[in-house]
Amino acid sequence: MTADTDKTAPATDYRATLNLPDTPFPMRGDLPRREPGWVQQWEKEGLYKRLRDARVGKPLFVLHDGPPYANGQIHMGHAVNKVLKDMIVKTRQLMGFDAQYAPGWDCHGLPIENAIEKEFGRKLSRDDMQARSRAYATAQIGQQMVDFKRLGVIGDWEHPYRTMDFANEAGELRAFKRVIERGFVYRGLKPVYWCFDCGSSLAEFEIEYADKKSFTIDVGFKCAEPAKLAAAFGLPSLAKDAFVVIWTTTPWTIPANQALNLNPQLEYSLVDTERGLLLLASALVEKCLERYGLTGTVIATTLGQSLDEIRFRHPFAEVDPGYDRLSPIYLADYATADDGTGIVHSSPAYGVDDFNSCVSHGMKIDEILNPVQGSGVYAPELPLFGGQFIWKAQQAIVDALRDAGRLFATSQITHSYPHCWRHKTPVIYRAAAQWFVRMDEGEGVFTKDKAPATLRQLALAAIDQTTFYPENGKVRLRDMIAGRPDWCISRQRSWGVPIPFFLHKDSGELHPRTMEILDQAADIVERGGIEAWSRVTTEEILGAEDAPMYTKSTDILEVWFDSGSTFFHVLRGTHKGTPAHPGFHSDGPEADLYLEGHDQHRGWFHSALLLACALYGRAPYRGLLTHGFTVDSKGIKMSKSLKNGIEPQAVSDKLGAEIIRLWVAASDYSGDIAGDDKILARVVDGYRRIRNTLRFLLANTSDFNHETDAVPLEDLLEIDRYALARAAQLQAEILQHFQVYEFHPVVSKLQIYCSEDLGAFYLDVLKDRLYTTAPKSFARRSAQTALWHITHAMLRWMAPMLSFTAEEAFPVFAPGASFSIFTETFWHIESGDSALIAKWDRVHAIREAANKAIEEVRKDGGVGSSLQAELTIAANAEDRALLASLGDDLKFVTITSAVTVVEGDELVVTVTPSTHAKCERCWHWRADVGADAAHPTICGRCTSNLFGTGEARRIA
């Protein structure tokens, strides 16, 4: 044996000859650790400004931020709202728009005052309350801003708008002046919703309804004019005392009763009972007598119109001289025979219908009794009940009526009742001198440029010009506007934009220079904030001659006027440090979109609509988008008290903000949005699927330079052209969804695309070509060209939703292309060949049938991997022609070692294990393994790909 023949040639490491994927893009996102770094990088690089610079001169898109309230940590509802806004702005940015987003905060109002009072007590001076409130709001904004940035929200964080910024406070006053000029503002005493906890009036949209237990009482008012009552019923006289009986669920209003209301068209009966003659609606006599435990006989009937102006004594008239007054009957349509007695007792200070009825019948404003103070306590001078809180006094009132012999029945009911949406406590109607924005015809103060229609008419017309997402929001907002009363815009608090009025001490009239004073006040506030106006004295504004005759108003504009008017000044760029906001038109500023929770139909959407219509005669938005509330998996609204919520801070720390973003995007926001740990776990699985697909794409294009390596699209292998056609088809669908602000269909289609179109088909087929053909071969470069386009497109599809991941991947995929994917636009892909798509959809279906057949044989141990299988496919003529067009590449599509197509009536796939040897390099089972003695363990095509001209690929 010679020395040469004694030597053993070293085995070739064929794995090293494969083009195995390689990328620095990690499989694990490690999101909680890495996301904060990207946030810092975006901030350091001034990403928002650079995005604006990249879109100079492009069409504008303006999403005006509905300001969250500057109080407390953000919750998941905030996160949903801000992420939705961010995704919409980013999609418009990628569409090529100059998509601007200035985040804002609502800073004035009662919740902040409550927080200050809780910490420092209720006896703070106005100046002290304002100073502490401003500091508190500033701190809260700082905390919330950190959390919003952590969610990956890109905006003008260096120049947010805050309703308490001096320029915005001044802008609000200027808007208020313009609303006055247009004839919509007036002062009036009328019942408004009043919250004892707020110590202030409430607007219609600050009311929510909840169940409340209330006393019901049937109360008798003794007739003071029996002869008139007898005549109305056609009787010569009355043999007994007569009582009109009322039914009410608000016993606390009885001390302030001043009238009784009957329906002029209803029939009423005079019923003889053992407790006297009772006046009741004829339709309710039987029910009433049963409720009272009485028997009775109807002795006469008449229509309500015959009873007009007959007077009755207050039920406490014989108990205390302070109640010795008369209550006349006033005719009113709102008295019905639906329930009760058909007669409504009227306390004009505590009901809108009562107020209107009494005033229309000649009652003077200063005659209206209003014993309930702003705290809910009766005035000390009120006989019998002075100093008592009205809810606690109700039992005492019931007892006093019983003792006076005027109580006919009482019970308790649970009914839907208005509550303060902040404090969740019952509210009442209470008459107070307030400033209102008028909805219908009427005179305003200092009208200069009267609007051409009523505010209700203008607002309803504007709704018809607005696009709603979802569409049912239109009906909801329209119904609210159609039925709402005048808007009470004044509040009796300290922390808010002042109503800078001076009222004559005797007449109550505004100072004749009021409009000039409004300008003066706006200038003062712009220089020093609302605090500066608070410090201004009456003498400084009116001069020494007028000052003694006038009182400076301490009312403020309600907080919905604050946020509702932001379009007037924020969209024009009056917040410091920003350029003029682009949503400005010659007839006033307008945003492309307002986006908030559906509760804002009665809040921000509502107040903004009314103010814009008052100022400009149209809505401040072209579109309105509403989303649902965050709920747990059982559909219960997330609540700290129920401990059923998930907090965005905790989720970001544990899973990453990207998971919150994907959860929001994957949810149908038109309804409530369900979330819990199990739901988020499924979102994590979906994220991994997308990330792994992206990683495959990056890894298999890492050595591809489009400038030098790209294959002309028309020369690509057929399956590569199909893959691009399918991507173009999907992109068209995705962009349609983005156009109408839909994300959950995009997430669904993207996940299906990653798992089925790519993972289970195209990329699966592609692996052999990518890994085994020569690195620079036409076959491999064709595949990489398609993948390069798909990756560009996919990064942009996912970027609005998975912003951190897209920004992480983009420089890996396209180093040096640009500093952010958001400076890019959606990738252009030639529209797909529908015939090619149809052909390959059928190929895909046949491959699925083959996979099922292989899997059945694999379960029985007949084959290991699919490459060990050889297929015989029986098919009809149409399918045979289709499969024949793939030629020998059919085996690459089915990922088997050989395929034979035979005639058949229906599709039948037969699987047999290959009898050939397995190639060590490509793992195909082929007859030519070892045909080259120098490479005995690999097949002929691998030999050609490694050392020869390379195998020819035509289709796949």
Side-chain angles (χ1 to χ4, degrees), residues 21-31 33-55 83 86-87 89-97 99 149 151-154 656-659 661-662 665 687-707 709-710 727 730-731 734-735 738 746-747 750 753-754 758 784-829:
D22 180 41
T23 179
F25 185 76
M27 182 179 295
R28 289 177 56 83
D30 199 10
L31 299 172
R33 185 182 66 83
R34 301 177 67 210
E35 285 173 344
W38 288 313
V39 172
Q40 291 176 4
Q41 182 178 333
W42 291 344
E43 199 162 358
K44 182 180 178 182
E45 292 178 347
L47 177 60
Y48 181 78
K49 184 179 185 305
R50 295 179 72 177
L51 294 181
R52 300 283 60 74
D53 292 343
R55 290 289 187 271
V83 167
D86 186 59
M87 293 192 301
V89 171
K90 284 172 177 171
T91 55
R92 287 308 192 266
Q93 178 80 11
L94 287 163
M95 288 176 181
F97 287 91
K149 289 180 182 178
L151 292 170
V153 178
I154 296 174
E658 200 81 315
I659 303 306
R661 297 182 65 90
L662 186 56
Y687 173 77
R688 286 174 181 154
R689 186 178 305 120
I690 295 172
R691 185 178 183 92
N692 288 340
T693 302
L694 181 59
R695 186 171 187 273
F696 182 94
L697 296 173
L698 297 178
N700 283 283
T701 53
S702 61
D703 66 336
F704 177 78
N705 182 333
H706 185 262
E707 295 296 321
D709 302 333
L730 177 60
Q731 175 158 289
I734 286 173
L735 293 184
F738 282 159
V746 175
V747 173
L750 180 58
Y753 180 70
C754 287
L758 295 182
Q784 288 181 308
T785 300
L787 293 183
W788 186 81
H789 284 284
I790 290 170
T791 307
H792 266 298
M794 184 171 152
L795 280 169
R796 290 157 174 78
W797 301 339
M798 60 187 276
M801 302 162 292
L802 298 175
S803 300
F804 290 115
T805 306
E807 284 282 68
E808 176 191 6
F810 189 60
V812 173
F813 174 65
S818 60
F819 63 89
S820 169
I821 195 167
F822 295 109
T823 61
E824 302 291 318
T825 55
F826 285 110
W827 195 246
H828 176 71
I829 313 176

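Values in this document were obtained by computation on a predicted structure and should not be read as measured data.
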Can you name the nearest heavy-atom pair linking Ala809 to Leu698, along with the distance? CB-CD1, 3.9 Å
Side chain of Arg796, backbone of Thr791: donor and acceptor closer than 3.5 Å? no
Going by heavy atoms in the side chains, are Trp38 and Thr805 under 4.5 Å from each other? no
Sub-3.5 Å donor-acceptor pair from the side chain of Arg661 to the main-chain atoms of Val83, do we have one? no
Arg695: partners by salt bridge (charged side-chain N to carboxylate O under 4.0 Å, His left out), with sequence neighbours left out: none
side-chain contact (heavy atoms from CB on, under 4.5 Å) partners of Ala793, counting only residues at least two apart: Gln731, Trp797, Trp827, Ile829
Which atom names give the shortest non-hydrogen contact between Ala665 and Met801, and what distance separates them? CB-CG, 3.6 Å
So, for Ala799 and Lys90, which heavy atoms are closest and what is the spacing to 0.1 Å? O-CD, 4.4 Å
Heavy-atom distance under 4.5 Å between the side chains of Trp42 and Leu51, does that happen here? no
Proximity of His789 and His706 rings by center, below 6.0 Å: yes
Ignoring hydrogens and geometry, is there a side-chain-to-backbone donor-acceptor pair from Glu658 to Phe804 under 3.5 Å? yes
Side-chain atoms of residues 814-821: list all donor-acceptor pairs with protein atoms under 3.5 Å, sequence neighbours left out, distances to 0.1 Å.
from, atom 1, to, atom 2, distance (Å)
Ser818, OG, Ser820, O, 3.2
Ser818, OG, Thr823, OG1, 3.2
Ser818, OG, Glu824, OE2, 2.7
Ser820, OG, Glu807, OE1, 3.3
Ser820, OG, Glu807, OE2, 2.9
Ser820, OG, Phe822, N, 3.0

Show your working on side-chain contact (heavy atoms from CB on, under 4.5 Å) between Ile154 and Gln93 and close with a plain yes or no. CA-CA 11 Å; Ile154 296 174; Gln93 178 80 11; over 6 Å; no
Under the salt bridge (charged side-chain N to carboxylate O under 4.0 Å, His left out) test, residues paired with Glu45 that sit two or more places apart: none
Nearest atoms (heavy-atom pairs only) where Leu795 meets Ala806: O-CB, 3.9 Å
With sequence neighbours excluded, residues passing side-chain contact (heavy atoms from CB on, under 4.5 Å) with Asp709: Phe704, Asn705, Arg781
Side chain to side chain donor-acceptor pair (under 3.5 Å) filter on Trp788, not counting sequence neighbours, yields none
Do Met798 and Cys754 have side chains that get closer than 4.5 Å, going by heavy atoms? no
Does the pair Leu151 and Asp86 meet the rule for a side-chain contact (heavy atoms from CB on, under 4.5 Å), with working shown? CA-CA 10 Å; Leu151 292 170; Asp86 186 59; over 6 Å; no
Hits for side chain to side chain donor-acceptor pair (under 3.5 Å) against Asn692, two or more places apart or cross-chain, chain-then-number order -> none
Taking every non-hydrogen atom, the tightest pair across Thr825 and Arg55: CG2-NH2, 3.8 Å
Going by salt bridge (charged side-chain N to carboxylate O under 4.0 Å, His left out), name the residues that satisfy it together with Arg691, two or more places apart in sequence or in a different chain. Glu808
Less than 4.5 Å apart, any side-chain heavy atom of Tyr687 and any of Leu31? yes
What's the verdict on side-chain contact (heavy atoms from CB on, under 4.5 Å) for Val747 and Leu662, showing C-alpha distance, side-chain angles and the deciding distance? CA-CA 8 Å; Val747 173; Leu662 186 56; 3.9 Å; yes
Holding to side chain to side chain donor-acceptor pair (under 3.5 Å), I want the full list of residues that pass it with Arg50, two or more places apart in sequence or in another chain. none
Which residues pass the ring-ring contact (aromatic ring centres under 6.0 Å, His included) test with Phe738, sequence neighbours left out? Phe743, Phe826
Only counting residues at least two apart or in another chain, list the ones meeting side chain to side chain donor-acceptor pair (under 3.5 Å) with Glu43. Lys149
Restricting to pairs with a member in residues 21-30, which pass salt bridge (Lys or Arg N to Asp or Glu O under 4.0 Å), not counting sequence neighbours? Asp30-Arg33
State, yes or no, whether a side-chain contact exists between Leu750 and Ile690 at a heavy-atom distance under 4.5 Å. yes
Met95 versus Leu735, closest heavy-atom pair with distance: CE-O, 4.2 Å
